[in-house]
Amino acid sequence: SILSVSLLCFVLVPLLSVVSTASSTRRNLSSRRSLASCPCKNPTWCDPINIPLYSRKELYAFSLQEEEWPMYDWDDITTMAHAFPLSQSSVCLAHSHNARVVFTIKIPPTLLRSNTTIVQQLNWVHQLVDRVESLGGDGLNVDYEEEVRSNDKTTQQALTLVTQLLQIELKKRNPYSSLVWDFGWKPSIDDRYYEYDKLAAICDYVFLMVYDTQSQIDKGPPCLAGPNSPTSAVQKSLEWYSSSLQIPFEKTILGPQKN
(Lines give C-alpha, C1' and ligand atoms only; values in the text may rest on other atoms or scores of the structure.)
Protein backbone atom coordinates (compact mmCIF):
# COMPACT_ATOMS: atom_id res chain seq x y z
CA SER A 1 0.00 0.00 0.00
CA ILE A 2 1.02 3.61 -0.36
CA LEU A 3 -0.03 6.43 1.88
CA SER A 4 1.20 6.34 7.51
CA VAL A 5 7.59 -0.80 23.76
CA SER A 6 6.56 -3.14 25.33
CA LEU A 7 7.53 -6.62 24.21
CA LEU A 8 5.49 -9.78 24.54
CA CYS A 9 7.09 -11.59 27.43
CA PHE A 10 5.62 -14.99 26.63
CA VAL A 11 7.43 -14.93 23.29
CA LEU A 12 10.54 -13.08 24.39
CA VAL A 13 11.69 -15.28 27.26
CA PRO A 14 12.73 -18.39 25.28
CA LEU A 15 14.39 -16.24 22.62
CA LEU A 16 16.56 -13.99 24.76
CA SER A 17 19.72 -16.07 24.67
CA VAL A 18 19.48 -16.74 20.93
CA VAL A 19 18.74 -13.14 19.97
CA SER A 20 21.23 -11.45 22.31
CA THR A 21 24.08 -13.76 21.34
CA ALA A 22 23.52 -13.30 17.62
CA SER A 23 23.04 -9.55 17.94
CA SER A 24 26.10 -8.95 20.10
CA THR A 25 28.22 -10.89 17.62
CA ARG A 26 26.96 -8.78 14.74
CA ARG A 27 27.54 -5.56 16.67
CA ASN A 28 31.12 -6.59 17.35
CA LEU A 29 31.70 -7.35 13.68
CA SER A 30 30.07 -4.18 12.39
CA SER A 31 31.34 -0.67 12.82
CA ARG A 32 30.03 2.79 12.09
CA ARG A 33 30.82 4.17 8.70
CA SER A 34 33.95 6.29 8.95
CA LEU A 35 33.69 10.02 8.35
CA ALA A 36 35.92 9.68 5.29
CA SER A 37 33.57 7.23 3.58
CA CYS A 38 30.35 9.15 4.22
CA PRO A 39 29.09 10.68 0.94
CA CYS A 40 26.94 13.29 2.69
CA LYS A 41 27.97 16.95 2.70
CA ASN A 42 27.74 16.76 6.48
CA PRO A 43 29.16 13.42 7.75
CA THR A 44 26.64 13.31 10.61
CA TRP A 45 23.86 12.84 8.05
CA CYS A 46 25.11 9.30 7.49
CA ASP A 47 24.07 8.45 11.05
CA PRO A 48 20.48 7.65 12.07
CA ILE A 49 18.31 10.37 13.56
CA ASN A 50 18.64 10.44 17.36
CA ILE A 51 15.48 12.39 18.15
CA PRO A 52 13.42 10.47 20.76
CA LEU A 53 10.21 8.90 19.50
CA TYR A 54 6.95 10.62 20.51
CA SER A 55 8.80 13.90 21.15
CA ARG A 56 7.23 15.57 18.10
CA LYS A 57 4.13 15.25 15.97
CA GLU A 58 4.57 12.81 13.12
CA LEU A 59 4.01 13.78 9.51
CA TYR A 60 4.53 10.43 7.85
CA ALA A 61 4.97 10.19 4.09
CA PHE A 62 5.34 7.37 1.58
CA SER A 63 7.39 7.70 -1.58
CA LEU A 64 7.51 5.65 -4.77
CA GLN A 65 9.73 7.95 -6.83
CA GLU A 66 13.09 8.73 -5.29
CA GLU A 67 13.81 11.43 -7.86
CA GLU A 68 10.92 13.47 -6.42
CA TRP A 69 12.48 13.77 -2.96
CA PRO A 70 14.05 17.21 -3.56
CA MET A 71 10.55 18.57 -4.28
CA TYR A 72 9.02 17.48 -0.97
CA ASP A 73 8.23 19.87 1.88
CA TRP A 74 10.95 18.73 4.27
CA ASP A 75 10.08 21.45 6.76
CA ASP A 76 7.06 19.37 7.80
CA ILE A 77 7.96 15.74 7.05
CA THR A 78 9.28 13.80 10.06
CA THR A 79 9.44 10.31 8.51
CA MET A 80 9.73 9.15 4.92
CA ALA A 81 8.94 5.54 4.01
CA HIS A 82 10.44 4.04 0.87
CA ALA A 83 11.14 0.53 -0.37
CA PHE A 84 14.60 -0.83 -1.06
CA PRO A 85 16.72 0.09 -2.97
CA LEU A 86 17.43 3.70 -2.02
CA SER A 87 20.47 5.83 -2.68
CA GLN A 88 22.61 7.18 0.12
CA SER A 89 22.10 10.71 -1.23
CA SER A 90 18.37 10.49 -0.47
CA VAL A 91 19.11 9.42 3.09
CA CYS A 92 21.48 12.39 3.35
CA LEU A 93 18.72 14.72 2.15
CA ALA A 94 16.16 13.44 4.67
CA HIS A 95 18.62 13.48 7.55
CA SER A 96 19.67 17.02 6.71
CA HIS A 97 16.10 17.97 7.67
CA ASN A 98 16.01 15.70 10.76
CA ALA A 99 13.56 13.38 9.01
CA ARG A 100 13.74 9.63 9.54
CA VAL A 101 14.04 7.23 6.63
CA VAL A 102 12.27 3.90 7.13
CA PHE A 103 12.14 1.09 4.61
CA THR A 104 8.83 -0.42 3.56
CA ILE A 105 8.91 -4.22 3.62
CA LYS A 106 6.69 -7.26 3.38
CA ILE A 107 7.22 -10.34 5.52
CA PRO A 108 7.85 -13.34 3.23
CA PRO A 109 5.28 -16.15 3.51
CA THR A 110 8.12 -18.67 3.84
CA LEU A 111 8.82 -17.25 7.31
CA LEU A 112 5.27 -17.86 8.47
CA ARG A 113 4.95 -21.60 7.88
CA SER A 114 4.69 -24.12 10.68
CA ASN A 115 7.98 -25.77 9.67
CA THR A 116 9.97 -22.51 9.65
CA THR A 117 12.67 -22.43 12.32
CA ILE A 118 13.62 -19.55 14.57
CA VAL A 119 17.09 -19.63 13.02
CA GLN A 120 15.63 -18.97 9.57
CA GLN A 121 13.57 -16.09 10.91
CA LEU A 122 16.56 -14.60 12.72
CA ASN A 123 18.76 -14.84 9.62
CA TRP A 124 16.20 -12.91 7.60
CA VAL A 125 15.83 -10.30 10.35
CA HIS A 126 19.59 -9.80 10.68
CA GLN A 127 20.10 -9.44 6.93
CA LEU A 128 17.27 -6.95 6.69
CA VAL A 129 18.46 -4.80 9.59
CA ASP A 130 21.99 -4.97 8.15
CA ARG A 131 20.62 -3.28 5.00
CA VAL A 132 18.93 -0.59 7.06
CA GLU A 133 22.10 0.01 9.06
CA SER A 134 24.35 0.09 5.96
CA LEU A 135 22.42 3.11 4.65
CA GLY A 136 22.14 4.86 8.00
CA GLY A 137 18.40 4.19 7.93
CA ASP A 138 16.07 4.75 10.85
CA GLY A 139 13.75 1.75 10.87
CA LEU A 140 11.17 -0.29 9.03
CA ASN A 141 7.59 -0.02 7.86
CA VAL A 142 5.79 -3.37 7.69
CA ASP A 143 3.24 -3.29 4.89
CA TYR A 144 1.73 -6.76 5.12
CA GLU A 145 -1.78 -6.93 3.68
CA GLU A 146 -2.19 -10.62 2.90
CA GLU A 147 -5.27 -12.63 3.79
CA VAL A 148 -5.00 -14.56 7.06
CA ARG A 149 -8.05 -16.56 8.10
CA SER A 150 -9.48 -16.20 11.59
CA ASN A 151 -8.62 -19.81 12.42
CA ASP A 152 -5.06 -19.66 11.04
CA LYS A 153 -3.30 -19.29 14.38
CA THR A 154 0.03 -20.45 12.95
CA THR A 155 0.33 -17.52 10.56
CA GLN A 156 -1.08 -15.04 13.06
CA GLN A 157 1.43 -16.00 15.73
CA ALA A 158 4.30 -16.16 13.24
CA LEU A 159 3.56 -12.61 12.08
CA THR A 160 3.67 -11.41 15.66
CA LEU A 161 6.89 -13.30 16.39
CA VAL A 162 8.76 -12.02 13.32
CA THR A 163 7.61 -8.49 14.13
CA GLN A 164 8.99 -8.87 17.63
CA LEU A 165 12.31 -10.16 16.32
CA LEU A 166 12.52 -7.12 14.05
CA GLN A 167 11.86 -4.76 16.94
CA ILE A 168 14.42 -6.45 19.19
CA GLU A 169 17.14 -6.25 16.54
CA LEU A 170 16.33 -2.69 15.50
CA LYS A 171 16.43 -1.44 19.08
CA LYS A 172 19.68 -3.27 19.80
CA ARG A 173 21.33 -1.50 16.89
CA ASN A 174 19.65 1.87 17.43
CA PRO A 175 17.38 2.74 20.37
CA TYR A 176 15.93 5.64 18.37
CA SER A 177 14.83 3.41 15.48
CA SER A 178 11.18 3.26 14.46
CA LEU A 179 9.12 0.17 13.65
CA VAL A 180 5.72 0.82 12.08
CA TRP A 181 2.94 -1.57 11.01
CA ASP A 182 0.36 -0.54 8.40
CA PHE A 183 -3.14 -1.51 9.57
CA GLY A 184 -6.20 -1.58 7.32
CA TRP A 185 -8.79 1.10 8.03
CA LYS A 186 -10.92 -1.57 9.72
CA PRO A 187 -9.53 -4.46 11.82
CA SER A 188 -9.73 -7.76 9.94
CA ILE A 189 -10.97 -6.08 6.75
CA ASP A 190 -10.61 -8.34 3.71
CA ASP A 191 -9.92 -11.36 5.93
CA ARG A 192 -6.78 -9.88 7.49
CA TYR A 193 -7.11 -11.54 10.88
CA TYR A 194 -3.89 -10.42 12.56
CA GLU A 195 -3.07 -10.09 16.27
CA TYR A 196 -3.57 -6.34 16.13
CA ASP A 197 -3.29 -5.67 19.85
CA LYS A 198 0.00 -7.59 20.15
CA LEU A 199 1.46 -6.06 17.01
CA ALA A 200 0.61 -2.58 18.29
CA ALA A 201 2.24 -3.35 21.64
CA ILE A 202 5.46 -4.41 19.91
CA CYS A 203 5.69 -1.59 17.36
CA ASP A 204 6.47 2.05 17.95
CA TYR A 205 3.63 3.23 15.72
CA VAL A 206 0.70 1.87 13.76
CA PHE A 207 -0.29 3.55 10.51
CA LEU A 208 -4.04 3.46 9.84
CA MET A 209 -4.63 3.17 6.09
CA VAL A 210 -7.89 5.07 6.04
CA TYR A 211 -8.40 5.01 2.29
CA ASP A 212 -9.79 2.60 -0.32
CA THR A 213 -12.42 1.81 2.29
CA GLN A 214 -14.78 -0.08 -0.04
CA SER A 215 -13.91 -3.72 0.56
CA GLN A 216 -13.54 -5.95 -2.47
CA ILE A 217 -13.96 -9.15 -0.45
CA ASP A 218 -16.51 -8.57 2.32
CA LYS A 219 -20.13 -8.82 1.30
CA GLY A 220 -21.85 -5.47 1.30
CA PRO A 221 -23.35 -2.80 -0.93
CA PRO A 222 -22.19 -2.51 -4.54
CA CYS A 223 -18.83 -0.80 -5.03
CA LEU A 224 -20.07 2.61 -6.15
CA ALA A 225 -18.11 5.80 -6.71
CA GLY A 226 -17.62 7.88 -3.57
CA PRO A 227 -15.04 9.53 -1.35
CA ASN A 228 -11.81 7.57 -0.97
CA SER A 229 -11.35 8.60 2.66
CA PRO A 230 -14.86 9.40 3.92
CA THR A 231 -15.04 11.20 7.26
CA SER A 232 -17.32 8.54 8.71
CA ALA A 233 -14.78 5.81 7.96
CA VAL A 234 -11.96 7.85 9.49
CA GLN A 235 -13.96 8.30 12.69
CA LYS A 236 -14.91 4.63 12.87
CA SER A 237 -11.32 3.56 12.30
CA LEU A 238 -10.09 5.66 15.19
CA GLU A 239 -12.85 4.31 17.43
CA TRP A 240 -12.09 0.68 16.58
CA TYR A 241 -8.37 0.92 17.21
CA SER A 242 -8.35 3.33 20.15
CA SER A 243 -11.41 2.09 22.04
CA SER A 244 -11.83 -1.56 21.12
CA LEU A 245 -8.14 -2.45 20.82
CA GLN A 246 -6.87 0.13 23.32
CA ILE A 247 -4.08 1.41 21.07
CA PRO A 248 -2.78 4.72 22.50
CA PHE A 249 -3.24 7.80 20.35
CA GLU A 250 0.47 8.63 20.60
CA LYS A 251 1.25 5.38 18.76
CA THR A 252 -1.34 6.02 16.04
CA ILE A 253 -0.58 7.71 12.73
CA LEU A 254 -3.71 8.55 10.78
CA GLY A 255 -3.28 8.03 7.07
CA PRO A 256 -6.09 9.32 4.86
CA GLN A 257 -5.02 9.51 1.24
CA LYS A 258 -3.88 12.88 -0.03
CA ASN A 259 -3.26 13.35 -3.73
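These values consider heavy atoms only, across backbone and side chains, with no hydrogens, waters or symmetry-generated copies. Computed from a predicted model, the values in this text were never measured in an experiment.
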### Query
Just one of Val206, Ile107, Val102, Val180 clears the side chain to side chain contact (heavy atoms under 4.5 Å, CB included) bar with Val142, so which one?
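The side chain to side chain contact (heavy atoms under 4.5 Å, CB included) with Val142 is passed solely by Ile107 among Val206, Ile107, Val102, Val180.
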### Task
Going by the side chain to side chain contact (heavy atoms under 4.5 Å, CB included) test, name the single residue among Thr79, Leu53, Asp138, Thr78 that passes it with Ser178.
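Among Thr79, Leu53, Asp138, Thr78, the one that satisfies the side chain to side chain contact (heavy atoms under 4.5 Å, CB included) with Ser178 is Leu53.
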[Y] backbone acceptor or donor facing [X] side chain under 3.5 Å:
| X | Y | result |
| --- | --- | --- |
| Ser237 | Trp185 | yes |
| Glu195 | Ala200 | no |
| Thr155 | Asp152 | no |
| Thr160 | Gln156 | yes |
| Ser229 | Val210 | yes |
| Gln167 | Ile202 | yes |
| Ser242 | Leu238 | yes |
| Thr117 | Gln120 | yes |
| Gln157 | Thr154 | no |

Donor-acceptor side-chain pairing of [X] and [Y] below 3.5 angstrom:
| X | Y | answer |
| --- | --- | --- |
| His95 | Asp47 | no |
| Asn141 | Asp182 | yes |
| Glu66 | Ser87 | yes |
| Glu68 | Ser63 | no |

Would you say [Y] ends up clustered with [X] if hydrophobic residues are merged whenever their side chains have heavy atoms under 4.5 Å apart, either directly or through other cluster members?
| X | Y | answer |
| --- | --- | --- |
| Val129 | Ile118 | yes |
| Leu199 | Trp124 | yes |
| Ile253 | Ile49 | no |
| Met71 | Val91 | no |
| Leu140 | Tyr176 | no |

Does a salt bridge link [X] with [Y], judged by any charged N lying under 4.0 Å from a carboxylate O?
| X | Y | answer |
| --- | --- | --- |
| Asp204 | Lys251 | no |
| Arg192 | Glu146 | no |
| Lys57 | Asp76 | no |

How far apart are the closest heavy atoms of [X] and [Y], and which atoms are they?
| X | Y | value |
| --- | --- | --- |
| Ile51 | Ser55 | CG2-OG, 3.3 Å |
| Met80 | Tyr72 | CE-CD1, 3.2 Å |
| Pro70 | Glu67 | CD-O, 3.4 Å |
| Leu86 | Ser90 | CD1-CB, 3.9 Å |
| Cys46 | Pro39 | SG-CD, 3.6 Å |
| Tyr211 | Gly255 | CD2-O, 3.1 Å |

[atom1]-[atom2] distance between [X] and [Y], expressed to the nearest 0.5 angstrom:
| X | Y | atom1 | atom2 | value |
| --- | --- | --- | --- | --- |
| Asp212 | Asn228 | CG | CG | 4.5 Å |
| His126 | Leu165 | NE2 | CG | 8.0 Å |
| Leu166 | Ser177 | CG | OG | 10.5 Å |
| Leu170 | Asn174 | CG | CG | 8.0 Å |
| Lys153 | Ser114 | NZ | OG | 16.0 Å |
| Ser96 | Asn42 | OG | CG | 9.0 Å |

### Task
Measure the acute angle between the ring planes of Tyr241 and Tyr196, then classify it against the limits of 30° and 60° as parallel, tilted or perpendicular.
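Tyr241 vs Tyr196 ring planes: perpendicular.
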### Message
Between Glu147 and Asp190, does the side chain to side chain contact (heavy atoms under 4.5 Å, CB included) criterion hold? Intermediate values first, please.
### Response
CA-CA 7 Å; Glu147 176 184 307; Asp190 294 338; over 6 Å; no
### Task
Could you tell me if the ring centre of Tyr194 sits under 6.0 Å from that of Trp181?
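Yes.
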### Query
What about the rings of Tyr205 and Tyr60, do their centers lie closer together than 6.0 Å?
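Between Tyr205 and Tyr60, the centre distance exceeds or equals 6.0 Å.
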### Message
Strictly under 2.5 Å separating the two SG atoms? Check that for Cys40 and Cys92, please.
### Response
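Looking at Cys92 and Cys40, their sulfur gamma atoms lie closer than 2.5 Å, so the answer is yes.
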Just wondering, do [Y] and [X] contact through their side chains at under 4.5 Å, heavy atoms?
| X | Y | value |
| --- | --- | --- |
| Tyr144 | Thr163 | no |
| His97 | Ile77 | no |
| Arg149 | Tyr193 | no |
| Asn98 | Arg56 | yes |
| Phe183 | Ile247 | yes |
| Trp69 | His82 | yes |
| Pro230 | Thr213 | yes |

### The single option from Arg173, Lys172, Lys171 passing salt bridge (Lys or Arg N to Asp or Glu O under 4.0 Å) against Glu169
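Among Arg173, Lys172, Lys171, the one meeting salt bridge (Lys or Arg N to Asp or Glu O under 4.0 Å) with Glu169 is Arg173.
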### Message
Walk me through whether Leu159 and Val148 qualify under side chain to side chain contact (heavy atoms under 4.5 Å, CB included).
### Response
CA-CA 10 Å; Leu159 276 172; Val148 178; 4.3 Å; yes
### Query
Looking at Phe84, does the NZ or CZ of Arg131 lie under 6.0 angstrom from its six-membered ring centre and within 45 degrees of the ring axis?
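The answer is yes; both the distance and angle limits are met.
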